[in-house]
Amino acid sequence: SANLIRITLEGIPAPDDEVARFMPGFATALTDAQVKDLMIYIRARFGGEPPWRDIDRELKRARSAKSH
């Protein structure tokens with residue numbers, strides 16, 4: 001889903017003044033091809049879902065939303 005792409009790119013910030021789980025964003029560390037491969041793997045391995053047909057469009061949308 002688009003949320004998986006967004007979380008991968010932007011990460012999950014830790015709440016202020018609180019010890020909590022967090023994840024760094026990988027927007028600058030991964031290319032679009034790498035993000036796409038990761039999404040395909042996660043969906044197949046853990047989601048048990050059919051291939052993601054509009055992944056390129058969702059990835060482009062997420063990248064452009066982040067730059068605005």
Side-chain angles (χ1 to χ4, degrees):
S1 81
N3 285 335
L4 180 58
I5 292 175
R6 185 181 51 76
I7 289 170
T8 301
L9 295 177
E10 298 175 19
I12 301 171
D16 293 336
D17 300 328
E18 215 176 296
V19 176
R21 294 181 185 175
F22 73 97
M23 182 181 100
F26 294 95
T28 60
L30 299 176
T31 66
D32 285 354
Q34 291 171 320
V35 173
K36 183 177 176 178
D37 287 346
L38 180 60
M39 299 302 105
I40 290 169
Y41 171 78
I42 290 172
R43 186 170 172 113
R45 175 69 171 92
F46 300 104
E49 297 291 328
W52 201 345
R53 295 180 189 252
D54 59 351
I55 190 169
D56 292 313
R57 180 174 48 102
E58 291 296 336
L59 181 53
K60 184 177 179 178
R61 183 182 294 163
R63 288 263 193 205
S64 67
K66 180 68 177 159
S67 65
H68 289 117

Participant: Measure the spacing between CG of Asp32 and CG of Asp56 and express it to the nearest 0.5 Å.
Facilitator: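 Output value for this atom pair is 8.5 Å.
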
Participant: Run the side chain to side chain contact (heavy atoms under 4.5 Å, CB included) check on Ile7 and Met23 step by step: do they pass?
Facilitator: CA-CA 9 Å; Ile7 289 170; Met23 182 181 100; 3.7 Å; yes

Participant: Donor-acceptor pair, distance only, cut-off 3.5 Å: does the side chain of Arg43 make one with the backbone of Pro50?
Facilitator: yes

Participant: Considering only heavy atoms from C-beta outward, does the side chain of Ile40 approach that of Lys36 to under 4.5 Å?
Facilitator: yes

Participant: For Thr28, enumerate each residue passing the side chain to side chain contact (heavy atoms under 4.5 Å, CB included) test, keeping only those at least two apart in sequence or located in another chain.
Facilitator: none

Participant: Quick check on the hydrophobic clustering: are Leu30 and Phe22 connected, directly or via other members, by side-chain heavy-atom contacts under 4.5 Å?
Facilitator: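 No: no chain of side-chain contacts under 4.5 Å links Leu30 to Phe22.
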
Participant: Does any non-hydrogen side-chain atom of Met39 lie less than 4.5 Å from one of Thr8?
Facilitator: yes

Participant: As an exercise, state the distance from NZ of Lys60 to CD1 of Ile55, rounded to the nearest 0.5 Å.
Facilitator: 15.0 Å

Participant: Mind listing the closest non-hydrogen atom pair of Ala2 and Glu58 along with its distance?
Facilitator: CB-OE1, 3.3 Å

Participant: Where the side chain of Arg63 meets the backbone of Ala27, is there a donor-acceptor pair that is under 3.5 Å apart?
Facilitator: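 Yes, the answer is positive, given that a donor and an acceptor are paired below the 3.5 Å cut-off.
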
Participant: Would you indicate whether the side-chain heavy atoms of Ile5 and Trp52 approach each other to under 4.5 Å?
Facilitator: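 The answer is yes; the side chains approach within 4.5 Å.
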
